[in-house]
Amino acid sequence: MSLNADESKTYFGEELLRWYRKVRRDLPWRRSRDPYHIWVSEIMLQQTRVDTVIPYFNRFVHRFPSLTELALAPEEDVLKHWEGLGYYSRARNLQSAAREVVSEYGGRVPSDKRQVSGLKGVGPYTTGAILSIAYNQPEPAVDGNVMRVLSRYFCLEDDIARPATRIRMETLAQSLIPEGEAADFNQALMELGALVCTPKSPSCGECPVRTMCLGRLEGRERELPVKTKAKKARDVYRFAALLEGKGENAGKVLVRRRPETGLLAKMWELPHIEVPDAVAWESLAEGKIGLEKALANEGLRIHADERVIGEAQHIFTHLVWKIRVLSATVKDERYIADRTAYEWVSPDNFEDYVWPNVFRKLLTEYFINRNND
DNA sequence: AACGCGGGGGT
DNA sequence: ACCCCAGCGTT
């Protein structure tokens, strides 16, 4: 390592800290020193923008002010406060880990690296974030922001999609932490990535470390970081049944609980099926027959109309759901009573359930349109 | 190493 | 249309 590189590192840490103390955003979790609050914020911030997280964080800590209260709450309640935020296993893992902290560590978030990283839902990044931000320990917290900033500043061409690159970045990031400044430095690094050293068009003119940024000095800030492409999302075609109740269930709609594991685990949905391709999806007859047969297999005899009363698209990271909703009725409603996976909902009890956004939208639209008829 | 896992915003 | 976001768990 040349003297020049050492100077560059010292400069980086000092200038970045000076800048951060001047411009840092006033975020809810930065007003607290409670490790539990730091932890919650870091889990919510995984793959999720700051602006999206803020209202969720405020509601969450209001409802679950302490780790113990989170541990004692019904899981359903925790999920409800996560509704719309996505990656729901984060919420389940967070509560599971909170219960572990209560039973294993007396309800105090541990400050030992191995204990922290052993908590469910806490990986390398979050371990570093908790240790550095909550306890000011000199641990790196390398996320997408940090890899982008370091790739540019040091002009590194390593593919940031590779795990080995993250390991290298952690070593580098740790070597940059100014003595006793881990908490602010790590947040400053991410703040720079979020506000200045942005993915598309970085604001190099406003960057506190621009004079020694190798990527920029070589005019390559737009090419960095190097990242291999993700696979394109696959289209999935689906038909859903909007089953309207009769008699004592008049005004209600039949909904179904998703399986315990996997995509949107334990959340509620309109009963629906997948069809092979776009061609099948064009045919309403295909949807009608498919729904009737599939639900018959689950013991529900229904009649579906070849009439589309709603349509929606739901975009996940790895797939795209294209859903057409057919109007339908249940042939024998008494038969449903003892099926725990199925329930009747109305606008009155709608909020007692946890919905993926796509079904929240479809049902809300349905209830509104019906009132206008 | 590759894949599954939400939802939203920026360009 | 594509990319990215204060990533992690499973296989």
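Since the structure is predicted, the reported quantities are computational estimates derived from the model, not experimental observations.
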**OP:** Return yes if a side-chain donor-acceptor contact under 3.5 Å exists between A:Gln46 and A:Thr126, otherwise no.
**Re:** yes
Subject >> Point-to-point distance, once rounded to the nearest 0.5 Å, from CD1 of A:Ile323 to CD of A:Gln313 >> reply: 9.5 Å
Original post:
Roughly how far apart are A:Glu218 CD and A:Leu224 CG, rounded to 0.5 Å?
Top reply: 9.0 Å
Under-4.0 Å side-chain N/O to phosphate OP1/OP2 contact, [X] with [N]:
X	N	value
A:Tyr87	C:dC5	no
A:Lys231	B:dC3	yes
A:Thr52	B:dG7	no
A:Gln47	C:dC5	no
A:His318	B:dC5	yes

Original post:
Are A:Arg18 and A:Tyr20 in a cation-pi setup, meaning NZ or CZ lies under 6.0 angstrom from the ring centre and within 45 degrees of the ring axis?
Top reply: no
**OP:** Test the A:Arg258-A:Trp268 pair against the cation-pi criterion, namely NZ or CZ under 6.0 angstrom from the six-membered ring centroid and within 45° of the ring axis.
**Re:** no
Among the candidates [options], find the nucleotide nearest to the side-chain atoms of [X].
X	options	answer
A:Trp29	C:dC8, C:dA6, B:dC5	C:dA6
A:Arg90	C:dC8, B:dG6, C:dA6	B:dG6
A:Tyr125	B:dG6, B:dG4, C:dC8	C:dC8
A:Pro199	C:dC4, C:dC8, B:dG6	C:dC4
A:Leu263	C:dC5, C:dC2, B:dC5	B:dC5
A:His314	C:dA6, B:dG7, C:dC8	B:dG7
A:Asn357	C:dC2, C:dG7, B:dG7	B:dG7
A:Thr126	C:dC8, C:dA6, B:dG6	C:dC8

Could you state the [atom1]-[atom2] distance from [X] to [N], rounded to the nearest angstrom?
X	N	atom1	atom2	value
A:Phe316	C:dC4	CZ	P	21 Å
A:Leu319	C:dC2	CG	P	16 Å
A:Gln46	C:dG9	CD	P	8 Å
A:Trp82	B:dG6	CH2	C1'	12 Å
A:Leu189	C:dA6	CG	P	12 Å
A:Leu45	B:dG6	CG	P	18 Å
A:Trp321	B:dG7	CH2	C1'	13 Å
A:Asp51	B:dG8	CG	P	14 Å

**OP:** Check whether the ring centres of A:Phe60 and A:His62 lie less than 6.0 Å apart, and answer yes or no.
**Re:** no
When rounded to the nearest Å, what value does the distance between [atom1] atoms of [N] and [M] take?
N	M	atom1	answer
B:dG8	C:dG9	C1'	23 Å
B:dC3	C:dC3	P	16 Å
B:dG6	C:dC4	C1'	14 Å
B:dC5	C:dC5	C1'	14 Å
B:dG9	C:dC8	C1'	23 Å

Check every strand shown and say whether [X] touches a base, only sugar-phosphate, or nothing at a heavy-atom separation below 4.0 Å.
X	result
A:Ile315	base
A:Val122	sugar-phosphate
A:Thr317	base
A:Gly84	sugar-phosphate
A:Thr48	base
A:Leu85	base
A:Arg222	nothing

Original post:
Which residue lies toward the 5' end of DNA chain C, A:Met190 or A:Ala230, if each is placed at its nearest nucleotide?
Top reply: A:Ala230
**OP:** Could you say whether A:Val358 or A:Lys200 is positioned toward the 5' end of DNA chain B, judged by the nucleotide with the nearest heavy atom to each?
**Re:** A:Val358
**OP:** Take A:Trp29 and A:Met44 through the side-chain contact (heavy atoms from CB on, under 4.5 Å) test and state the conclusion after the steps.
**Re:** CA-CA 11 Å; A:Trp29 46 92; A:Met44 287 188 170; over 6 Å; no
Original post:
Considering only heavy atoms, which members of residues 141-167 of chain A lie under 4.0 Å from some atom of DNA chain C?
Top reply: A:Asp143, A:Gly144, A:Asn145, A:Arg148
**OP:** State the pairing partner of B:dG6; accept Watson-Crick or G-U wobble contacts with both distances under 3.5 Å, and report none otherwise.
**Re:** none
Subject >> Side-chain ion pair, A:Asp159 and A:Lys227, N-O less than 4.0 Å >> reply: no
**OP:** Start with the C-alpha distance between A:His81 and A:Phe64, add both sets of side-chain angles, then the distance that settles ring pair (Phe, Tyr, Trp, His ring centres under 6.0 Å), and finish with yes or no.
**Re:** CA-CA 10 Å; A:His81 284 75; A:Phe64 313 108; 5.2 Å; yes
Subject >> Minimum side-chain heavy-atom gap A:Val330-A:Leu254 below 4.5 Å >> reply: yes
